[in-house]
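In what follows, every chain begins at residue 1, and chains take the letters A, B, ... in the order their sequences are listed.
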Amino acid sequence: MTTTKSNKKDGSDRSNFFGEVYEVAKLIPKGRVTSYGAIAQYLGTRMSARMVGWAMNAVPRNQKVPAHRVVNSQGLLTGKHHFGSPTAMQQMLEKEGVKVVNDKVADFKNKFWNPSQELL
DNA sequence: CCCCTGACGACGC
DNA sequence: AGCGTCGCCAGGG
């Protein structure tokens, strides 16, 4: 075995960037939400938050990434249109306990999950 | 190889 | 507080 050190998690290493994004997104606790910028900042604030959202769209079906738990810094469900249905994202969030009003997360500030702080 | 778009964010007015 | 613009990085045509 040895396995040396390659700690590969089933193909999550598409590029450090995408892989990290998927990992963090998968770590988001149920009932909590985070923002694209927060993930970007956690990775090193080197890339724009746009890359994070982009990574979500590039998520293969193999990866179960709760992209619905990721919203923009306003708590707005900007990516809801990418779930196949414009209401799918909201439905999933509400199902997990996250109230969504007007395509926006209620108490977003309170439900915000910061990877750099919680994950630390 | 050049141009444009894209699930964002911060700043300026 | 709402709207507009620029910046960032990468992929697609």
Side-chain angles (χ1 to χ4, degrees):
Chain A
M1 340 199 84
T2 60
T3 61
T4 11
K5 66 197 251 89
S6 306
N7 210 337
K8 271 168 151 220
K9 283 203 174 154
D10 84 284
S12 310
D13 63 309
R14 253 188 120 86
S15 248
N16 258 356
F17 172 48
F18 281 50
E20 297 272 330
V21 174
Y22 301 151
E23 261 189 86
V24 178
K26 287 195 255 183
L27 289 169
I28 301 172
K30 183 176 136 193
R32 288 276 212 272
V33 290
T34 191
S35 65
Y36 305 99
I39 297 173
Q41 204 156 61
Y42 169 71
L43 297 181
T45 182
R46 284 270 194 141
M47 83 289 290
S48 319
R50 277 190 179 169
M51 303 293 93
V52 178
W54 204 345
M56 289 300 173
N57 193 20
V59 172
R61 307 304 195 214
N62 305 38
Q63 304 283 346
K64 273 106 179 226
V65 180
H68 63 271
R69 288 184 193 149
V70 186
V71 295
N72 71 351
S73 23
Q74 306 169 62
L76 196 69
L77 283 59
T78 48
K80 64 174 187 175
H81 279 286
H82 291 258
F83 283 80
S85 275
T87 48
M89 190 175 186
Q90 180 172 333
Q91 296 301 304
M92 284 195 283
L93 285 170
E94 289 196 314
K95 200 151 92 169
E96 301 197 336
V98 180
K99 190 90 167 259
V100 178
V101 180
N102 200 12
D103 294 337
K104 180 179 49 188
V105 176
D107 267 337
F108 168 64
K109 206 171 57 174
N110 193 31
K111 302 214 182 254
F112 184 73
W113 178 79
N114 192 333
S116 297
Q117 190 179 315
E118 305 295 314
L119 243 193
L120 184 56

Pick out which of A:Val70, A:Val100, A:Leu77 makes a side-chain contact (heavy atoms from CB on, under 4.5 Å) with A:Met89.
A:Leu77
Of all heavy-atom pairs between A:Ala25 and A:Pro66, which one has the smallest distance, and what is that distance?
O-CG, 3.1 Å
For A:Leu76, the rest of its hydrophobic cluster, which grows through side-chain links under 4.5 angstrom
none
A:Met56 vs A:Val65 side-chain heavy atoms within contact, under 4.5 Å
yes
Hey, are the side chains of A:Trp113 and A:Arg69 touching, using non-hydrogen atoms and a 4.5 Å cut-off?
no
Results of side-chain hydrogen bond (donor to acceptor under 3.5 Å, both in side chains) for A:Lys80 - residues two or more places apart only
A:Asp103
Rounded interatomic separation in angstrom, taking NE2 from A:His82 and P from B:dG6:
9 Å
Less than 4.5 Å apart, any side-chain heavy atom of A:Pro60 and any of A:Tyr22?
yes
Which of residues 89-97 of chain A have a heavy atom under 4.0 Å from DNA chain B?
none
Does A:Lys99 reach the side chain of A:Lys111, with side-chain heavy atoms less than 4.5 Å apart?
no
I'd like to compare against my own output: the B/S/- annotation of nucleotides 8-13 of chain C with a strict under-4.0 Å heavy-atom distance to protein.
BBBS--
Taking only Lys NZ, Arg NE, NH1 and NH2, and the carboxylate oxygens of Asp or Glu, determine whether A:Arg32 and A:Glu118 approach each other closer than 4.0 Å.
no
With sugar-phosphate meaning primed atoms plus P, OP1 and OP2, does A:Asn72 contact a base, only sugar-phosphate, or nothing at under 4.0 Å between heavy atoms?
sugar-phosphate
Is a side-chain donor or acceptor of A:Ser35 paired with a backbone partner of A:Ala38 at a separation under 3.5 angstrom?
yes
Grab the N/O contacts between the protein and nucleotides 10-13 of chain B below 3.5 Å, and write none if there aren't any.
none

Separation of B:dT5 atom C1' from A:His81 atom NE2, nearest Å, is 17 Å
Dot-bracket for DNA chain B: what is it, with Watson-Crick or G-U pairs under 3.5 Å, [ ] where a pair crosses earlier ones, and | for a pair to another strand?
.|||||.||||||
CG of A:Asn72 to NZ of A:Lys104, rounded to nearest 0.5 Å, is 11.0 Å
Any heavy-atom pair between the side chains of A:Thr78 and A:Tyr36 that's under 4.5 Å?
yes
How close or far is atom P of B:dA7 from atom NZ of A:Lys80, stated in whole angstroms?
13 Å
Nearest whole Å is fine: how far is B:dA7 P from A:Leu76 CG?
13 Å
At 4.0 Å (heavy atoms only), tell me whether A:Ala67 reaches a base, stays on the sugar-phosphate, or touches nothing.
base
Which value, rounded to the nearest 0.5 Å, describes the distance between A:Leu119 atom CG and A:Ile39 atom CD1?
10.5 Å
